[in-house]
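Each remark here refers to the structure printed beneath this line.
Heavy atoms only: backbone and side chains are in, while hydrogens, waters and symmetry mates are out. A quick note: this is a predicted structure, and the numbers were derived from the prediction, not measured. Residue numbering restarts at 1 for every chain, and letters A, B, ... go by the order of the sequence lines.
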Amino acid sequence: MTAGASRSRFREDETRRDSDHVSFLRHKRFRWAWAALALSLAAAAGYALIDQDPRPNGGSWYGYTLGTIGLGLILWLSLLGVRKRRINPGAWSLKAWTSAHVYLGLSLVVVGTLHTGFQIGWNVHSLAYVLMLLVIATGVYGVVAYTTLPARLSDNRREMTRAQMLDALTAIDRQLDGAAQPLARGEADLVLAALRQSPFAGGALARLTGRYPACQTARALAGMDTASEAQQRVRALLEKRAAQLAQIRGALRIQAALEVWLFLHITLTIALIAALSAHVISVFYYW
Amino acid sequence: MTGIFRVAIIGSGPAGLSAAAHAAALGLAHILLEKTDHLSDTIFKYQKGKHVMATPANLVLRSDIDFEAGKRETILGRWDEQIAARKVNVKLNAEVLKVEGHKGAFRIALRSGEVVDAEAIVLAIGTQGNPNRLRCPGADSPLIQYQLDDPGEYFDEHITVIGSGDAGIENALGLAADPAQRNVVTILNRSADFARAKAANVALLEEAERDGRLIVRRETEPAEVRTRELLLNTRDGQETIRCDRIIARTGSQPPRGFVEAMGVEFSSPEPGSFPKLSPEFETTTPGIHVIGALAGYPLIKHCMNQGYDVIEFLAGNRDLKPADEPLLAEKFAQLPGNRSVAEWLDIFGRNIVVLGDLSVLQLRELMLDSAVHAYQPGEVIFRRNDPGSSMFAIAEGSVAVEVNPNDPSITVGIEQGSIFGEVGLISGRRRGATVRAAEPVVALELPRMAALKLLATSPGAARAVNSIAIERQLLQMFGAGLTRADVAPLVENAELKSVRAGQVVVAEGADDKDIYIIRSGSMIVEKQVGGRPVFLSYLPAGSYFGEMAVIDGSPRTATVKAAIKSEVIRVPGDGFLALLEQNPGLRDKALQQMSARRATNAFIESRKGEFSGAVDLYSQTAQFLVDNGIGEATDVLLIDEKLCIGCDNCERACADSHEGLSRLDREAGRTYAHLHVPTSCRHCEHPHCMADCPPNAIRRGPDGEVFIDETCIGCGNCQRNCPYGVIRMDAKPPKKPSLLQWMLLGKGPGPGEAPYGWRKSEAKKQGLPEAKLAVKCDMCAGIDGGPACVRACPTGAAIRVSPERFLTYTKLAEDTQ
Ligand SMILES: Cc1cc2nc3c(=O)[nH]c(=O)nc-3n(C[C@H](O)[C@H](O)[C@H](O)COP(=O)(O)OP(=O)(O)OC[C@H]3O[C@@H](n4cnc5c(N)ncnc54)[C@H](O)[C@@H]3O)c2cc1C
Ligand code: HEM
Ligand code: SF4
Ligand code: SF4
Ligand code: SF4
């Protein structure tokens, strides 16, 4: 490395080390929000000012312009999926991309709607429009999730990693296993059932809602007397187990809420691109 | 064995083996004495299947036995064969306890009571030392062992582990891990808590105790080892337990005492120093030679070459050129003047003051570890703000230091024979000034490890560097046209003080009048406001404090304490005042800095009333970061958990930018007020990981990053030495199918670090080497755009910052969305 290159990296590093921590929404003082706003205003002004013949729709030259901008934006927005997984080469940051993605994605509401000229019907063209709105709607939910949930994820974690949470559960289970030995058959079976149940049992719905109606630990707690010392010991351990499970399930639920929308967002994006292709081909075919 | 041997070689590591093999080849009457029942115990103790490296690659091997990189088993097997084939006279189970006599007639006493007579001795016992033995009756019982190789090989036994450090705890846990082995495991601890062990190990031990998997006896010591029984001294009197096996892990004694008992002198009392040696490896006791790791050469190849050389010398060969001769010749070839290796060694050794005490052998070694440079007049040697922890010494010529960053024409000269760049070495900070050659210069650049070794081995060098460093630091601090004569009275009265982490240097309200300069480490400044300490600021090495009270005569306005183990230079206040009086420029500068500090204090104090909660949070967060090692960091990864969505894109990006292994563990690590310090390298000012790396593979790169180069031999020392647990040992993973192939065809494991199973089976399929090497963050050196972990975070949660910039009120307390 030459001395010159090394010094420029020094400057770059110093700016980085000095920087405030700023979220993707406020990135560079809302640079992309302003850009999106400008794009939307320009599109709206054009729509209002330019005389479109015979009436505003996707077929006029202005409609084509908006359509091309919209298509380009959608294709570029979709590329985030690739960008996210390919960090090198290039000196770019995903935070900047996400920031631009969110704001420019929102501006599609304006650009896309104006492109339709408010002509909605039961056809492949409107399908694409509706899909686009759905993608945007899920995106908006995502941004809400990204700004509200992380703190809760962090609080729930209490400095434990996922692996440590599972280890803690295993440790409780080992103690439970020993403590349950003196119990009567019926109660011992309750404990065994709780131990046998996977902490992940319950499926996607339970994961998302955080409700586990078939939880054997809850059942065992309900069915455990506190008459004898052994029972009290087991009860105390079961309560610990329930608390540990609650932490694990809390983490799963918040993580699921942070991810489930992305799943819809991507699936709808694929559907949108298929619908857009059909839309574009049919437009050119019937030209 | 009877008769007197020409040479007795003690220790059968690579050094001793090679010596013995050469003695056999020359037909010298020799004996190789080895403590254990096998050859080469240090290598024998490597973990099974370890890949042993043969570095430095360009050094030729000069030995009668073979050595090339390969599996531990292969190498040991080959040595066993060759030692037998070469008819080397080996005596196993022959621990040497004492050496008496003199050159020509040494008497070597073995543990068995036998005595071996020899004319000369080659000591090649390495640096492992001896495990501390139990000090109670029965300490030589066969029940006792000092090492545990495989905890899985014992069944149905009552085993007692003695020792409360990590080794003892790990052994006890290992023995108790599998209930199917049905062992009854007891661990003894002399005190009530396990203060010497890692917190994670103690937690595991306590958990195992709660579960009844093993027995922990606190405040208990062994009183007597009997047959299948152990008598214990407990707090409540004596007690006997059944005991079939004792594992004693109470640390080990370095071999120094044993060596000094033979009259061998070491170069200094420092723990890191080595025996004084002649070019023929002879110690200060004539007839006793030291080679290998004990002589300061920890790499196997060096050890083996020295084994060969020392026997050549003993056999009377005076003209033997050391095996490193071609390496040195190559190194000196770039210098002007066409001089020979011997001439250059002479010039460096004679001209450079701090090298005065070194033997030729040490000088050669130092030269091998260092770089030599020639500069034309005016050429830049280093620039202000370049990172660098190496020290320079001028063999010929002189240099000019640009003391004023705004006016390069103001320079201070440094003359032939002196050193420069020592501030970077001591403080770990960036270069404080640009240095140029003033005439044609030949200089030696000592990398950090080599320089530290020099200071440890040569007390004279340490003294010289110290006083130069204090003088320079004063000049640099107070800059503004001061000369050496100006600061001379200060240097004379300056005192170097080490301070523990957390120790108070200046207490608020006190009326002492001294100025302190932080030479290494860092300090935090806090003030009592409303009965609570409020964090005011963080001072990195190179800054000074205490000047306010001196200048305006007031009591101390704030408390300054060490964030980490540090060194400060104490300068008496009146000397400083006198200096200010003579230098109005300096006075203005000091007043300016003082008013800036006052402003920060006032700002935070004013905030305290309005938002006292925010100020408390700020103070506590700053303290939390300092407690987590930020005080010694230069560049640290932090995650704002108010923004982190847990996507682990940071880890994936790190893996994908670095041969497929992530160098950070996002989840692990501490969190306070949603600010999380993940397990990732802090690029410490004085990296602990560098301390004990046999090939010196850990270095500081041009952008300040601490990185491990390709000469890593996978010994795991750095992993053990890093207090933050950020180094992992792993094999280089196989190449993954491309992102496109994964996205379209689902081929391979996808972005990020591939699962262990995939890496393992794929590596096997492709026949890749499985050597586990040390892997750590390199701050994405050479990658466009810098740290991938930061760039790959979609929300801006991950940031890498420098502590002195980040630990300010505005940066820390500012609310992110
Ligand atoms: C985990 C690990 C991995 C390493 N990997 C590598 C690598 O890949 N490549 C590399 O080049 N280097 C490596 N090293 C460094 C290298 O192993 C040692 O520096 C080297 O073995 C030192 O050789 P030696 O002959 O000086 O001493 P040692 O190998 O330590 O041998 C000393 C011998 O002397 C015996 N002894 C000690 N005291 C007495 C006594 N009083 N009487 C009789 N005998 C005695 C001991 O039992 C031992 O057998 C590694 C080190 C470690 C700890
Ligand atoms: C038609 C418009 C849009 C398209 C085609 C689109 C497409 C995509 C795609 C392909 C991804 C990558 C997902 C992945 O691979 O993980 C993504 C991510 C994302 N999108 Fe959109 N998007 C659109 C609009 C929006 C809007 C309007 C918003 C917000 C208001 C939004 C918010 C996000 C967010 C927050 C992410 C996640 C970033 C990350 O976690 O890395 N998107 N989008
Ligand atoms: S590896 Fe550990 S000791 Fe070394 S620089 Fe990084 S944090 Fe510091
Ligand atoms: S700076 Fe680079 S090497 Fe270091 S943790 Fe981040 S991505 Fe990994
Ligand atoms: S990339 Fe950012 S948001 Fe994702 S896990 Fe890492 S720090 Fe958290």
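- The CZ atom of Arg430(B) sits 11.5 Å away from atom CZ of Arg384(B), with the distance rounded to the nearest 0.5 Å.
- When each of Pro787(B), Ala668(B), Gly750(B), Gly669(B) is scored by its heavy-atom pairs under 4.5 Å with chain A, the top score falls to Pro787(B).
- Note: Asp635(B) leads Ile783(B), Val636(B), Leu740(B), Asp635(B) in heavy-atom pairs under 4.5 Å with chain A.
- At a 4.5 Å heavy-atom cutoff, the contact between Asn385(B) and chain A is made by backbone and side-chain atoms alike.
- Looking only at heavy-atom pairs under 4.5 Å with chain B, the residue among Asp155(A), Thr148(A), Leu149(A), Ile254(A) that has the most is Asp155(A).
- For the options Leu80(A), Leu258(A), Asp167(A), heavy-atom pairs under 4.5 Å to chain B are most numerous at Leu258(A).
- Heavy atoms of Arg152(A) lying under 4.5 Å from chain B are absent altogether.
- Top candidate by heavy-atom pairs under 4.5 Å with chain B, chosen from Arg174(A), Glu259(A), Arg83(A), is Arg174(A).
- Applying the side-chain contact (heavy atoms from CB on, under 4.5 Å) test to Leu77(A) and every residue at least two apart in sequence or in another chain returns His101(A), Leu108(A).
- For Gln255(A), the part sitting under 4.5 Å from any heavy atom of chain B is the side chain, from C-beta outward, and nothing else.
- Remark: Arg666(B) CZ to Glu641(B) CD distance equals 7.5 Å, nearest 0.5 Å.
- Taken from CG in Leu664(B) to CZ in Arg728(B), the straight-line distance is 10.0 Å, to the nearest 0.5 Å.
- Not a single salt bridge (charged side-chain N to carboxylate O under 4.0 Å, His left out) links Glu187(A) to another residue, sequence neighbours left out.
- Between Tyr146(A) and Trp261(A), the gap from one ring centroid to the other is short of 6.0 Å.
- For a residue to count as touching a neighbouring chain, one of its non-hydrogen atoms must lie under 4.5 Å from one of that chain's; by this rule Arg670(B) touches chain A with backbone and side chain alike.
- You'll find the ring centres of Trp97(A) and Trp76(A) inside the 6.0 Å limit.
- Contact of Leu153(A) with chain B is made through the side chain alone, with heavy-atom distances under 4.5 Å.
- For the 3.5 Å distance criterion, the side chains of Tyr212(A) and Gln197(A) fail to qualify, holding no donor opposite an acceptor.
- Here Met779(B) is the residue among Arg210(B), Met779(B), Glu804(B), Arg652(B) with the most heavy-atom pairs under 4.5 Å with chain A.
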